[in-house]
Amino acid sequence: MQFKKTKTFTNLARSFAGESQAGMRYQLIAKLATAEEYAVLADTIRTVAKNETYHAKTFYNTLIQKAGNSENIDLNAGYPFRFGTLVENLGFAADDERAEFEEVYPAFAREAREEGFEDVAALFERVAGVEKEHNILFTFLRDALKDGALYKRDKPTLWICSECGYRATTKEAWKVCPLCSAKQGFVEIPLPFDN
Ligand SMILES: [Fe+2]
Ligand SMILES: [Fe+2]
């Protein structure tokens with residue numbers, strides 16, 4: 001069968017569109033985080049935005065490699081359009097990542113396998129693995145920000161200023177860095193699942 005007639009062709013195009021939009025949405029959320037003086041949180045979100053851009057790039061390249069160029073690809077697909085507070089946006093992002101790794105990419109991988117494109121199935125599965133980590137990250141950040149726990153923990157925790165490197169182990173990070181006067185939003189966010 002001609003590749004352009006397969007479900008995998010459309011699924012790659014949809015994935016490119018979805019990842020491109022996710023990358024853009026996360027940049028908008030990062031901008032809001034910066035405006036609210038959460039500099040390190042903004043950087044963290046921007047890193048995820050970059051990941052999505054590379055997913056989009058890989059899907060785009062794969063599609064063109066397999067199908068050649070296309071003038072225009074019609075897609076019948078839905079995409080989320082939501083924006084709220086920083087906490088809400090992190091929740092939306094967590095939900096979108098969950099849908100990707102639990103539903104969308106497993107279904108696309110299954111269809112690619114059925115159509116005999118094992119390499120594309122494996123690509124969808126590799127991306128799904130990253131989206132799962134993104135879901136864990138966004139869920140943690142949403143909960144921490146909502147509960148006022150981004151810079152406050154139950155146990156003594158190592159806090160490091162991302163600007164000057166000042167560090168101290170306390171339950172709560174400083175409001176203003178005692179060394180360089182950078183605000184709390186510049187303190188590195190310790191992630192409980194880092195290893
Ligand atoms: Fe992605
Ligand atoms: Fe993601």
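Counting convention: from 1, in listed order, for ligands and their atoms alike. Remember, predicted model here, so these are calculated numbers, not experimental data. Count residues from 1 along the sequence.
Considering only residues two or more places apart in sequence or on other chains, E125 meets the salt bridge (charged side-chain N to carboxylate O under 4.0 Å, His left out) condition with R113.
For E100 and H134, the side-chain atoms include no donor-acceptor pair closer than 3.5 Å. The closest side-chain donor-acceptor pair between T8 and E115 falls under 3.5 angstrom.
With F16 as the fixed residue, the ring pair (Phe, Tyr, Trp, His ring centres under 6.0 Å) test singles out one of F9, Y79, Y60, F108: Y60.
Below 30°, between 30° and 60°, or above 60°: for F117 and F3 the angle between ring planes is above 60°, a perpendicular geometry.
Protein-derived N/O/S atoms nearer than 2.8 Å to the Fe ion (ligand 1) total 5, waters excluded.
By the 4.0 Å N-to-carboxylate-O rule, D43 lies close enough to R46 to be salt-bridged with it.
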